[in-house]
Amino acid sequence: MDYINSITNKHIDILKEVGNIGAGHSATALSMLINKKINMTVPNVEIVSFNELMEWLGGSEVVIASVYLRIKGDVSGSLFFVLSIEQAERFIKQLIADDHFSLINSTEHELGLSAFQELGNILTGSYLSSLSDLTGTNLYPSVPSLSIDMFGAVISHGLIELSHVSDYAIIIDTVIKEEDHFEVDTVKGHFFLLPDPESFKKLFEALGVTDET
Amino acid sequence: MKREPSEIIKVGIADLNVVKSPKLIRTMGLGSCVGVVLFDKVNSIAGLAHIMLPDSSLANKDSLNHAKYADTAIPKLMTKLAEAGARISSLQAKMAGGAQMFQFQSASDTIRIGPRNVEAIKQQLILKNIPLISEEVGGNKGRTIEFDPKTCELMIRTVNQGTKVI
């Protein structure tokens, strides 16, 4: 709990900037990839209980498409790129130019899944490289991995490291959105960055906040 | 039969609870976590724990959440069951979960957490002399589970493989 108690508003602002820079670069990459304008929201940074996090997207049973990677190096943690099934299918259809693609029965669509994996690789990769540039730290991502399943089952994987020392997580949630699409509720891609507890000190130091209050 | 939501007790992550028939008990979105049910068939009482980690030995003992670890959740659940009127000597167990949600080449401890949770729970059950009646563990899929203390059936729902009962 120590690190959670010492988090101030100033720290939260810094973490928002982390989300901003990371997702900003990813949005640019996505924009170039699908040749459309991509918007992003101001990052939402919150200290949440595990149960609150499980319900973050409206319920732990909500089915989502996600790409996950572990960050190692000076700062460690988990990074998820999460899309609703509809939005993931939209992106994949554009990437592989196939209007019939469906993530349900996805075993028959290796090309589509592979395209989604690649999309995840590019977006998480650009998020991390800009984070690394911003903080001047060395970050080594694992190979990103794909899962299409219940949100709770997926996101709880990012809590394993945290759960050894805490019952709370700090989540940095940044949403990127495709412009010119009107179903506002469904067309969202989330980046979830869940830093490991021991990483916060390093992260704040790297960004010039050294006061221990 | 369709049931009212108020008849279903929900158990969150790293949490546990106990129900008596006709209520049901449910936990959602199990990934590498394991949902373990201990039940007393005669008295129609059941307890469910949503366990995250195998072992509490490295945890901070001051603020220990017993429901989070296999080695502390099972004894805690047994105590709560006894308080609710269950016969400890006739307890039986079922469990589901312990998946590996993401496929990686390296076999680090974090990746193997699901199987380690399963092993740790089995050890506890042997230690406490509770027979494990059935299990649906491993794989790479998320699960939602629901237990009915009356029929002692454990319903397991997954995204791609529908619903099954063990």
Side-chain angles (χ1 to χ4, degrees), chain A residues 1-2 4-5 48-57 59-70 72 76-78 80 85 103-107 117 120 141-169 196-197, chain B residues 10-15 26-35 50-60 62-69 96-106 108-114 116-117 139-146 156-162:
Chain A
M1 275 301 279
D2 279 346
I4 296 265
N5 289 332
V48 291
S49 71
F50 290 173
N51 276 308
E52 286 169 327
L53 185 58
M54 298 279 279
E55 303 288 322
W56 192 262
L57 292 185
S60 52
E61 279 195 299
V62 173
V63 180
I64 48 91
S66 68
V67 171
Y68 160 79
L69 58 80
R70 270 298 289 173
K72 287 176 192 154
S76 63
S78 298
F80 293 86
I85 295 295
L103 274 175
I104 313 301
N105 308 322
S106 55
T107 42
Q117 169 96 48
S142 69
V143 176
S145 179
L146 177 73
S147 179
I148 294 155
D149 215 307
M150 300 173 190
F151 178 68
V154 168
I155 201 77
S156 62
H157 194 87
L159 299 176
I160 295 169
E161 287 299 320
L162 283 166
S163 68
H164 288 288
V165 294
S166 177
D167 292 305
Y168 291 84
D196 290 347
Chain B
K10 286 181 187 168
V11 177
I13 188 169
D15 197 6
R26 174 196 285 173
T27 195
M28 295 180 287
L30 288 165
S32 59
C33 300
V34 179
H50 184 139
I51 292 168
M52 282 188 91
L53 294 170
D55 180 18
S56 68
S57 59
L58 296 174
N60 180 354
D62 296 335
S63 57
L64 188 67
N65 175 2
H66 287 84
K68 188 155 69 174
Y69 308 93
Q100 183 177 326
M101 297 305 295
F102 294 96
Q103 309 301 313
F104 288 104
Q105 264 129 28
S106 75
S108 78
D109 276 0
T110 297
I111 298 307
R112 271 201 17 93
I113 200 81
R116 283 174 57 216
N117 281 336
N140 58 4
K141 57 187 188 289
R143 297 170 173 95
T144 283
I145 63 170
E146 190 176 283
I156 302 161
R157 201 178 75 77
T158 57
V159 170
N160 277 319
Q161 292 160 26

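Because the structure is predicted, anything quoted here is derived from the model rather than measured. A note on names: the letters A, B, ... follow the listed sequences, proteins ahead of strands, and every chain is numbered from 1.
- Between A/Asp149 and B/Lys141, no side-chain nitrogen of the basic residue sits less than 4.0 Å from a carboxylate oxygen of the acidic one, so the salt-bridge criterion is not met.
- When heavy atoms are compared at a cutoff of 4.5 Å, B/Asp55 does not approach chain A at all.
- A/Glu55 pairs by the salt bridge (charged side-chain N to carboxylate O under 4.0 Å, His left out) definition with nothing, not counting sequence neighbours.
- Both the backbone and the side chain of B/Met101 come within contact range of chain A, with heavy atoms under 4.5 Å apart.
- A/Ser60 contributes atom OG, which lies 9.0 Å from atom CG of B/Leu30 (distance to the nearest 0.5 angstrom).
- Of all the listed residues (B/Gly31, B/Ser56, B/Gly29), the one sharing the greatest number of non-hydrogen pairs under 4.5 Å with chain A is B/Gly29.
- In this structure, A/Ile160 CD1 and B/Cys33 SG are separated by 7.0 Å, a value rounded to the nearest 0.5 Å.
- Using a 4.5 Å heavy-atom cutoff, the side chains of B/Phe102 and A/Pro144 are not in contact.
- With a 4.5 Å cut-off on non-hydrogen atoms, A/Val154 touches chain B through its backbone and its side chain both.
- Looking at B/Ile13, the atoms closer than 4.5 Å to chain A (heavy atoms on both sides) sit in the backbone and in the side chain alike.
- Across every non-hydrogen atom of B/Tyr69 and A/Ser163, the tightest pair is OH-O, 3.8 Å.
- Note that CG of B/Asn65 is 9.0 Å distant from CZ of A/Phe50, once rounded to the nearest 0.5 Å.
- Here the side chain of A/Asn51 pairs no donor or acceptor atom with the backbone of B/Gly12 at under 3.5 angstrom.
- When all heavy atoms of B/Gly142 and A/Ala153 are compared, the closest pair comes out as CA-CB, 3.6 Å.
- With a 4.5 angstrom heavy-atom cutoff, B/Thr158 touches chain A only via backbone atoms.
- When heavy atoms are compared at a cutoff of 4.5 Å, A/Leu159 approaches chain B by way of both its backbone and its side chain.
- Interface remark: B/Arg157 contributes backbone and side-chain atoms alike to the contact with chain A (heavy atom separation under 4.5 Å).
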